[in-house]
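So you know, we letter chains A, B, ... as the sequences are listed, proteins then strands, and number each from 1.
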Protein chains: 2
Amino acid sequence: MVDRAHGAGSIEGGLDPVRRAPVRGLAAYLQIEQELADRIERGALRLGERLPAERQLAGELGVSRMTLRQALARLEHRGLITRAHGRGTFVAEPKLLQHANVLRGFFHETVGQGVVPATRTIEHAAVYATRALAATLGLRIGEEVYKVVRLRSARGTPVVLETSFFPASVFPGLIDLDLDHESIYRLMESRYGARPVRGQQAMESIAAEPPEAELLGVAVGSPLMLLERTAWDMTDRPVEHARDLYRGDRSRFTSELRL
Amino acid sequence: MVDRAHGAGSIEGGLDPVRRAPVRGLAAYLQIEQELADRIERGALRLGERLPAERQLAGELGVSRMTLRQALARLEHRGLITRAHGRGTFVAEPKLLQHANVLRGFFHETVGQGVVPATRTIEHAAVYATRALAATLGLRIGEEVYKVVRLRSARGTPVVLETSFFPASVFPGLIDLDLDHESIYRLMESRYGARPVRGQQAMESIAAEPPEAELLGVAVGSPLMLLERTAWDMTDRPVEHARDLYRGDRSRFTSELRL
DNA sequence: CTCGCCAATTGGTCTAGACCTCCGACCTTG
DNA sequence: CAAGGTCGGAGGTCTAGACCAATTGGCGAG
């Protein structure tokens, strides 16, 4: 009954249409958002189905319409519902995509969608930082750096050739770990406590040169997407610089923009 | 005085701190959002500066606190302000290094940097929306759409071939205006009061086909960057869909990422 | 039967005020 | 002088009700 963060009023959650498991201390609109999101993602509310009108649903939940609308606004922003003036509120499709490489902000559509990419390590070695690499990673020239080249495939087709550089000073011994069966990013976090949280990237369209063309299984001169990126951890230490070559015919990068 | 979309009450905009240019028909919280966003981006509100308390600011604006909070929530989401429980609301970054193509979030490095691109209009006509275009712009199939194809060059070299579509219902008569000597985006704002504020884009690396190869001055099969984008205005109306083809050897797109 | 208008329904916006929690400055106290 | 409590101001949540605008379906007029 008293499952409020703060504020006046009370949640009753009376009827059946939406019955939250009361969570003490969580704001009413967040509880409602959570419950409705669960129902949608579980499929309890079918795609395209119309929700009860706002006034009615608010009544059933024992909250004011404005409070319910706060929850609905968040669900709409998440893409779980759509609202149409004069018509009603409808369940949208559960968008399960995204996140794996959230850092990129981009979503690589081909590899994405639940398809687990196969990874083949082409090369991994400790090398010495060149002038450009040292500048990028904030190191001195000649400092030790781990280089990892991996070919990732989806559904048996090579999609991207990733060449990554990690500063050895931040990840000592990383090169000796089992990189084939464990995500590098997971290892970064679990063993070194350094996780990329910020990045800068650049994209270019280039023609495939012989070495990468062969690995990616395309003709020399085919269009590739070159994605160069550098990532920093929470304390602004550079943790990775990478040069990724995506097959043009297997890759599409999307992003949202503001202003 | 009565510059309302709908709803009760009235905006007075009394004191000086925030004085909106009243726009008939635009919701109060959107007007406030716009005005505050402008001030922040113009630098009239300095970085880190504290805004007046919500109750005070709402009073000065002649709106209720809940209405003001709607505007503040949107500004916070856009990253223009930060709010701290018990402390206040503060101006975040002015993030205004980008200009003309700000919407893209990307900075087209080659064309960017002070170089004023020359624009040549290849085609401009009123056409009818195909199925795909209608879906993208939220129109009915066959509805009128303005198509504008422009070739932009920097330092005498063609760089990008832009094909844009604008819904005629939003910009009636746009096609008859002087698009060669006036920015389309400026016209959107000054004559129609619709400015893109949000976008979704996708990038692909493709090979040049004969028509665009000739216009861009590259060989057929050369790598190009295909950038498809759709933009919405503040009221979530689609205002543009574009398909841009950049020369791969003259373009590099950079972006910042979080998380 | 068709067209157009009207009314009910639904989401969109707004209000005025209430109580809660967090934060920080200030003051009291040991 | 340091520790701790108090209190005012800030944002966070919530309400009950009002009017506006888009949509839709039914009903009446032609």
First encountered from the 5' end of DNA chain D, between A:Gly86 and A:Arg55: A:Arg55
B:Thr89 vs D:dG11: side-chain N/O to OP1/OP2 distance below 4.0 Å: yes
Atom-to-atom span, CZ of A:Phe90 to C1' of C:dG11 - whole angstrom: 10 Å
Residue-phosphate contact under 4.0 Å: A:Tyr29 side-chain N/O, D:dC14 OP1/OP2: no
Nucleotide D:dA22, atom P - distance to CZ of B:Arg237 in whole Å: 12 Å
Euclidean distance, atom NE2 of residue B:His85 to atom C1' of D:dG11 [Å, nearest integer]: 5 Å
Distance test, side-chain N/O of B:Arg69 to OP1/OP2 of D:dG12, below 4.0 Å: yes
N or O in side chain of B:Arg50 less than 4.0 angstrom from D:dA10 OP1/OP2: yes
Proximal nucleotide (of D:dG12, D:dC14, C:dC14) relative to the B:Ala27 side chain: C:dC14
Value in whole Å for how far the C1' atom of C:dT10 lies from CD1 of A:Ile81: 14 Å
Contiguous Watson-Crick or G-U pair runs (3 or more, under 3.5 Å) in DNA chain C: C:1-30 with D:1-30
Short side-chain to backbone donor-acceptor contact, A:His241 and A:Phe166, under 3.5 Å: no
B:Gln56 CD to D:dG8 P, straight-line distance once rounded to whole Å: 18 Å
With B:His124 via side-chain hydrogen bond (donor to acceptor under 3.5 Å, both in side chains) - residues at least two apart: none
salt_bridge(A:Glu49, A:Arg39) N-O dist < 4.0 Å: no
Any A:Arg87 side-chain N or O less than 4.0 Å from OP1/OP2 of D:dT24: yes
Pairwise side-chain contact, A:Leu72 with A:Ile81, heavy-atom cut-off 4.5 Å (strictly under): yes
Closest to the B:Glu54 side chain, choosing from D:dG12, D:dT15, D:dA18: D:dG12
Nearest-angstrom distance from the residue atom CG of B:Leu72 to P of D:dG12: 9 Å
Closest contact, heavy atoms only, B:Ile175 versus B:Ala125: CD1-N, 3.7 Å
Considering all heavy atoms, the nearest B:Tyr192-B:Leu177 contact: OH-CD1, 4.0 Å
Value in whole Å for how far the C1' atom of C:dT13 lies from CD of A:Gln70: 14 Å
Below 4.0 Å: OP1/OP2 of C:dT15 and any side-chain N or O of B:Thr67: yes
Whole-Å gap separating P (C:dG17) and CG (B:Leu68): 16 Å
Residue pair A:Leu68 / A:Ile32: nearest heavy atoms and the distance that separates them: CD1-CG2, 4.0 Å
